[in-house]
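In listed order, ligands and their atoms are each counted from 1. We number each residue from 1, following the sequence as shown.
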Amino acid sequence: MSEAPERKGYVLTLSCPDVPGIVFAVSKHFMDEGFNIFASQQFLDEAADRFFMRVHVHDARDRELTVDEVRAAFASVGTRFGMTWLLQDAGYRSRVLLLVSRFGHCLNDLLFRTSIGQLNVDIPAIVSNHPDFAPLAANYGIPFHHVPVTSDTKAQAEDRLRQVIADERIDLVVLARYMQILSPQLCDDLAGRAINIHHSMLPSFKGARPYHQAHARGVKLVGATAHYVTANLDEGPIIEQEIARVDHSMSPTQLVDVGHDVERLALQRAVRWHTENRVLLNGSRTVVFR
Ligand SMILES: Nc1nc2c(c(=O)[nH]1)N[C@@H](CN(C=O)c1ccc(C(=O)N[C@@H](CCC(=O)O)C(=O)O)cc1)CN2
């Protein structure tokens with residue numbers, strides 16, 4: 001059975017100072033190199049004078065080129081425009097590490113979506129500071145690492161986390177309701193490749209127990225925010241947000257139940273878009289070519 005067109009060819013993402021001719025140069029390069037454009041999106045941040053682009057190309061000659069060969073051919077264009085660029089095989093399956101604590105709704109959702117092929121990723125391992133979801137991991141045949149964390153053992157726990165990241169050649173770390181604060185050093189090491197789901201519409205209700213904060217405020221909407229993890233708690237670049245309507249009659253527990261659905265939606269979109277190279281960092285914000 002032939003590959004889905006979304007998973008054929010190569011995806012280039014780039015950002016650079018805005019000048020005339022970027023789209024022309026990129027398009028001409030791929031035409032000259034024998035590629036056909038399957039999809040192309042671009043955005044100009046005028047205030048920042050920065051141009052963003054995502055181009056998905058198919059090989060018009062069906063050659064067996066390596067991604068390194070395609071990258072090498074594009075390098076001169078990147079240099080000419082001072083681009084920050086990434087060129088990836090469209091069918092590449094990112095290696096994703098899932099972290100979880102006591103709430104497993106996001107973990108379960110990501111595992112199921114991956115198992116039915118909706119997320120084109122591989123999940124080599126799950127790490128948790130609690131043993132609760134070892135049976136769920138076993139059901140999916142995924143190694144489960146129970147790494148307890150206390151204030152005295154945080155450093156050692158992070159060392160074990162780093163070991164799993166290295167051993168499994170992890171591309172993306174997903175905090176699927178993992179309730180431990182990562183150290184500034186680990187945040188730096190995982191910059192742009194660690195995603196957290198916060199259970200509120202950031203910047204509202206940062207920190208712990210956001211649904212209880214929201215209930216006390218009498219909100220009419222609850223939400224969830226998927227964002228990149230930085231040393232500044234819950235302040236990383238936002239990738240996706242989702243909301244749901246609530247009302248005065250609902251208890252904090254009922255807000256939590258409604259919120260779990262929007263958390264799942266926001267996180268799986270963020271993971272899908274990140275692993276499809278649709279998310280570009282723009283300072284403290286993102287550009288998402290959905
Ligand atoms: N460096 C970062 N680490 C984490 C982030 C982040 O943005 N930057 N997001 C959090 C998720 N989170 C809210 O969504 C959150 C998690 C944990 C805590 C917290 O106070 N944790 C305590 C321990 C709590 C416990 O043991 O039950 C702590 O780590 O000392 C606040 C907010 C994930 N990590």
Side-chain angles (χ1 to χ4, degrees), residues 96-110 126-133 145-162 164-165 170 172-217 219 221-244 252 255-271 274 279 281 283-286:
V96 179
L97 176 66
L98 301 180
L99 308 187
V100 66
S101 291
R102 300 304 288 267
F103 290 98
H105 53 289
C106 290
L107 171 73
N108 186 59
D109 188 65
L110 292 172
I126 296 167
V127 171
S128 179
N129 54 325
H130 297 281
D132 306 39
F133 298 108
H145 301 264
H146 177 206
V147 183
V149 184
T150 68
S151 53
D152 299 330
T153 65
K154 253 183 178 319
Q156 294 88 330
E158 274 202 1
D159 287 346
R160 285 190 57 192
L161 176 57
R162 286 175 181 278
V164 174
I165 291 170
I170 296 301
L172 174 66
V173 177
V174 178
L175 283 66
R177 292 301 301 277
Y178 182 69
M179 305 313 283
Q180 292 297 320
I181 297 174
L182 304 189
S183 68
Q185 184 57 60
L186 186 54
C187 291
D188 288 348
D189 297 344
L190 295 176
R193 61 188 190 103
I195 295 175
N196 177 61
I197 184 69
H198 181 74
H199 33 313
S200 81
M201 272 293 281
L202 290 175
S204 299
F205 311 130
K206 292 177 187 174
R209 293 166 63 84
Y211 290 122
H212 290 75
Q213 295 179 54
H215 182 267
R217 185 69 184 78
V219 301
L221 295 171
V222 292
T225 303
H227 64 91
Y228 286 113
V229 174
T230 64
N232 299 318
L233 191 61
D234 303 329
E235 294 196 359
I238 292 172
I239 304 167
E240 173 62 340
Q241 296 184 295
E242 183 55 78
I243 57 171
L255 297 192
V256 169
D257 289 343
V258 171
H260 281 187
D261 289 337
V262 296
E263 292 170 42
R264 279 188 285 252
L265 273 176
L267 184 57
Q268 64 91 10
R269 288 177 194 149
V271 172
H274 177 93
V279 186
L281 284 168
S284 61
R285 297 177 294 160
T286 64

Present, as a list of atom pairs with distances to 0.1 Å, all nitrogen or oxygen contacts under 3.5 Å between ligand 1 and the protein.
{"from": "ligand 1", "atom 1": "1 (N)", "to": "Leu182", "atom 2": "O", "distance (Å)": "2.9"}
{"from": "ligand 1", "atom 1": "1 (N)", "to": "Thr230", "atom 2": "O", "distance (Å)": "3.2"}
{"from": "ligand 1", "atom 1": "3 (N)", "to": "Leu182", "atom 2": "N", "distance (Å)": "3.0"}
{"from": "ligand 1", "atom 1": "7 (O)", "to": "Asp234", "atom 2": "N", "distance (Å)": "2.8"}
{"from": "ligand 1", "atom 1": "8 (N)", "to": "Thr230", "atom 2": "O", "distance (Å)": "2.8"}
{"from": "ligand 1", "atom 1": "9 (N)", "to": "Asn196", "atom 2": "ND2", "distance (Å)": "3.4"}
{"from": "ligand 1", "atom 1": "14 (O)", "to": "Asn196", "atom 2": "ND2", "distance (Å)": "3.4"}
{"from": "ligand 1", "atom 1": "14 (O)", "to": "His198", "atom 2": "ND1", "distance (Å)": "2.8"}
{"from": "ligand 1", "atom 1": "21 (N)", "to": "Met179", "atom 2": "O", "distance (Å)": "3.4"}
{"from": "ligand 1", "atom 1": "26 (O)", "to": "Gln180", "atom 2": "NE2", "distance (Å)": "3.0"}
{"from": "ligand 1", "atom 1": "29 (O)", "to": "Lys154", "atom 2": "NZ", "distance (Å)": "3.0"}
{"from": "ligand 1", "atom 1": "29 (O)", "to": "Gln180", "atom 2": "OE1", "distance (Å)": "3.4"}
{"from": "ligand 1", "atom 1": "29 (O)", "to": "Ile181", "atom 2": "N", "distance (Å)": "2.9"}
{"from": "ligand 1", "atom 1": "34 (N)", "to": "Gln180", "atom 2": "O", "distance (Å)": "2.8"}

Exercise. Can His227 and Leu202 be said to form a side chain to side chain contact (heavy atoms under 4.5 Å, CB included), step by step?
Worked result: CA-CA 9 Å; His227 64 91; Leu202 290 175; 3.8 Å; yes
Exercise. Got a sec, which residues hit side chain to side chain contact (heavy atoms under 4.5 Å, CB included) with Thr150, two or more places apart in sequence or on another chain?
Worked result: Asp152, Thr153
Exercise. Can you tell which of His199, Lys206, Gln241, His198 makes a side-chain hydrogen bond (donor to acceptor under 3.5 Å, both in side chains) with Thr225?
Worked result: Gln241
Exercise. Which heavy atom in Pro210 sits nearest to a heavy atom in Phe205, and how many Å separate them?
Worked result: CB-O, 3.4 Å
Seminar exercise, completed: The side chain to side chain donor-acceptor pair (under 3.5 Å) partners of Thr230 (sequence neighbours excluded) come to none
Problem set entry | Set of salt bridge (Lys or Arg N to Asp or Glu O under 4.0 Å) partners for Asp109, sequence neighbours left out | Arg113
